[in-house]
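Step one of this worksheet: look at the structure below.
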2 protein chains.
Amino acid sequence: MPENFAHNLKDLKLKATPKRLAILSLLAEELSYASPEEVWRKLRRNFASIGLPTVYRNLEDLANGGLITKVIHPNRQLYYYFCPNSHHHHHFICLSCRKVEDINFCGMEEIEKKVDGTVLSHIVQVNGLCRDCAESHGGTP
Amino acid sequence: MPENFAHNLKDLKLKATPKRLAILSLLAEELSYASPEEVWRKLRRNFASIGLPTVYRNLEDLANGGLITKVIHPNRQLYYYFCPNSHHHHHFICLSCRKVEDINFCGMEEIEKKVDGTVLSHIVQVNGLCRDCAESHGGTP
DNA sequence: ATTGTAAATAGAAATGATTTCTTTTTAGAA
DNA sequence: TTCTAAAAAGAAATCATTTCTATTTACAAT
């Protein structure tokens with residue numbers, strides 16, 4: 001499973017620009033979710049000029065293409081996560097350290113049958129504290 | 001199952017103010033989710049002065065108390081829904097007409113066991129088009 | 001009934017994450 | 001190389017949501 005981001009982008013009809021590739025590899029190195037501004041700050045190390053709007057747009061495009069996933073956060077800000085896991089699954093996110101664990105379970109097949117309408121998307125996300133954070137500051141994010 | 005909102009509020013240690021009660025009955029009459037501004041516009045019919053911040057604050061407090069539920073919307077704006085159904089369940093929301101259907105299924109028990117950490121909350125929501133909307137404008141929200 | 005007090009509210013103002021706009025640059029097909 | 005649609009910069013705007021302060025109110029305790 002070689003990480004061929006350029007190829008992934010081409011499949012999505014997105015140009016493999018250096019900044020897109022950098023965003024992908026940057027996120028791929030993280031075990032936690034990141035905000036657009038955090039991504040932007042890191043990109044500035046490698047790019048003399050990089051606009052925050054570019055980061056927002058690219059993160060959104062990459063998420064729409066399914067290469068990264070959005071995290072729904074109680075604080076209503078945007079966060080994104082690169083998940084190498086390619087099959088359908090969901091996430092447990094730590095509200096404190098932002099670590100993400102995969103949840104390899106989704107009852108959506110059962111649910112879709114019962115719905116009286118057309119399903120376009122679904123959200124399943126579990127929020128909490130990872131084991132480490134729960135132990136170190138027992139309960140409060 | 002008499003709707004005794006005043007009592008519900010007291011249980012939450014929230015004062016049963018006329019505006020809170022009005023927000024609750026207003027939402028309880030709807031089969032669909034509403035935005036803070038929409039709630040505010042309707043309240044203005046009955047209250048000479050009612051501030052938008054009051055509506056925001058109350059909707060948030062009522063949702064935190066579990067009397068109403070938040071809807072996670074792709075457009076990232078806030079929406080709230082009053083659900084008379086008291087047992088744990090989730091929702092199928094129509095992105096077009098905003099109607100809500102109950103989903104009486106939640107795999108969270110299974111999921112919680114697998115998570116390596118402390119679960120604080122979870123989101124399960126199915127987005128799509130209700131039967132009526134799917135038929136009338138087949139596919140686009 | 002009356003009073004006292006914490007909670008709730010109005011109204012104005014601020015906020016700030018996100019988006020939009022216009023111009024310039026670039027990736028990649030031809 | 002050339003061409004063209006897509007991507008990006010940079011500045012500016014947006015606008016839903018929140019914050020702030022003074023005033024009012026619900027309701028528990030007289």
Side-chain angles (χ1 to χ4, degrees), chain A residues 4-26 33-65 67-68 70-80 98, chain B residues 4-26 33-65 67-68 70-80 98:
Chain A
N4 190 337
F5 293 140
H7 187 84
N8 296 148
L9 289 171
K10 182 171 281 188
D11 287 347
L12 294 173
K13 304 226 164 61
L14 295 175
K15 290 183 181 175
T17 68
K19 284 163 189 177
R20 276 196 186 127
L21 294 168
I23 289 175
L24 281 171
S25 27
L26 188 159
Y33 51 93
S35 72
E37 187 166 340
E38 286 159 356
V39 171
W40 175 64
R41 282 204 295 265
K42 290 189 179 175
L43 287 173
R44 284 206 292 185
R45 297 172 190 165
N46 305 319
F47 294 94
S49 82
I50 169 94
L52 195 44
T54 297
V55 178
Y56 271 91
R57 188 171 0 88
N58 277 323
L59 289 171
E60 181 67 14
D61 293 344
L62 295 173
N64 286 338
L67 292 187
I68 62 178
K70 271 189 200 186
V71 168
I72 309 284
H73 201 280
N75 73 7
R76 299 177 43 68
Q77 292 187 201
L78 289 170
Y79 295 94
Y80 295 88
R98 302 192 184 173
Chain B
N4 191 339
F5 293 139
H7 188 83
N8 296 149
L9 289 171
K10 182 172 282 188
D11 287 347
L12 294 173
K13 303 225 163 64
L14 294 176
K15 292 185 180 174
T17 68
K19 282 161 189 178
R20 277 197 184 126
L21 294 169
I23 289 174
L24 281 172
S25 27
L26 188 159
Y33 52 92
S35 73
E37 187 165 340
E38 286 158 356
V39 171
W40 175 64
R41 281 204 293 266
K42 288 187 180 176
L43 287 172
R44 285 208 291 184
R45 297 172 190 164
N46 306 318
F47 294 93
S49 82
I50 170 94
L52 197 43
T54 296
V55 178
Y56 270 91
R57 188 170 3 84
N58 277 323
L59 289 171
E60 183 67 13
D61 293 344
L62 296 173
N64 285 338
L67 292 187
I68 62 178
K70 270 189 202 189
V71 169
I72 309 283
H73 201 278
N75 72 8
R76 300 179 37 74
Q77 293 187 199
L78 289 170
Y79 294 94
Y80 295 89
R98 302 192 184 172

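Chain letters run A, B, ... following the sequence lines, proteins first and then strands; every chain starts at 1. Nothing here was measured: the structure is a model prediction, and the numbers come from that model. Side chains are part of it too, since the values below use all heavy atoms of this structure and drop only hydrogens, waters and symmetry mates.
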Quick tally for nucleotides 20-30 of chain C: nucleotides whose base has a protein heavy atom under 4.0 Å get B, sugar-phosphate-only ones S, the rest -, giving B------BSS-

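- Put simply, CG on B:Leu12 is 15 Å from P on C:dA7, counting in whole angstrom units.
- Residues passing the salt bridge (Lys or Arg N to Asp or Glu O under 4.0 Å) test with B:Lys70, sequence neighbours excluded: B:Glu60.
- Only at 4.0 angstrom or more do the heavy atoms of residues 41-48 of chain A sit from any atom of DNA chain C, so none qualifies.
- Atoms CG and NZ, on A:Leu43 and A:Lys19 in that order, are 9.0 Å from each other to the nearest 0.5 Å.
- Of all heavy-atom pairs between A:Val55 and A:Pro36, the closest is CG1-O, 3.5 Å.
- If you take CG of B:Leu59 and P of D:dA16, they are 15 Å apart, rounded to a whole angstrom.
- Among A:Ile23, A:Asn64, A:Leu78, the one residue that satisfies the side chain to side chain contact (heavy atoms under 4.5 Å, CB included) test with A:Leu59 is A:Ile23.
- Listed by chain and residue number, A:Glu30 satisfy the salt bridge (Lys or Arg N to Asp or Glu O under 4.0 Å) test with A:Lys42 (two or more places apart in sequence, or in another chain).
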Name the atoms and distances for all side-chain donor-acceptor pairs under 3.5 Å in residues 44-51 of chain A, with sequence neighbours left out.
none

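- The distance from the CZ atom of B:Arg76 to the CZ atom of A:Arg76 is 6.5 Å, given to the nearest 0.5 Å.
- Rounded to whole Å, atom C1' of D:dA16 lies 15 Å from atom CG of A:Asn75.
- Side chains of A:Leu67 and A:Leu24 form a contact here, defined as non-hydrogen atoms less than 4.5 Å apart.
- One atom, OH of A:Tyr80, and another, C1' of C:dA17, lie 12 Å apart when rounded to the nearest Å.
- When distances run from any side-chain atom of B:Tyr56 to the nucleotides D:dT18, D:dA8, C:dA10, the shortest one goes to D:dT18.
- Between the CG atom of A:Leu52 and the P atom of D:dA13 there is a distance of 17 Å, given to the nearest Å.
- The distance from atom NZ of B:Lys13 to atom C1' of D:dA26 is 16 Å, rounded to the nearest whole Å.
- Between the two ends of the helix from C:dA1-D:dT30 to C:dA30-D:dT1, each summarised by a five-pair axis, the helix axis turns through 50° (rounded to 10 degrees).
- For the OP1/OP2 pair of C:dA8 and a distance below 4.0 Å, the side-chain nitrogens and oxygens of B:Asn58 include no atom meeting the criterion.
- Toward the 5' end of DNA chain C, the nearer of the two residues B:Arg76 and B:Asp61, judged by each one's closest nucleotide, is B:Asp61.
- The shortest distance between side-chain heavy atoms of B:Arg98 and B:Glu38 falls below 4.5 Å.
- A straight line from CG of B:Leu78 to P of C:dA17 spans 16 Å, rounded to a whole angstrom.
- Protein atom NE2 of A:His73 is 15 Å distant from nucleotide atom C1' of C:dA17, rounded to whole Å.
- Contact of the B:Thr17 side chain with the B:Leu9 side chain is not registered, since no non-hydrogen atoms from C-beta on lie closer than 4.5 Å.
- When all heavy atoms of B:Glu37 and B:Leu52 are compared, the pair lying nearest together is CA-CD1, 4.1 Å.
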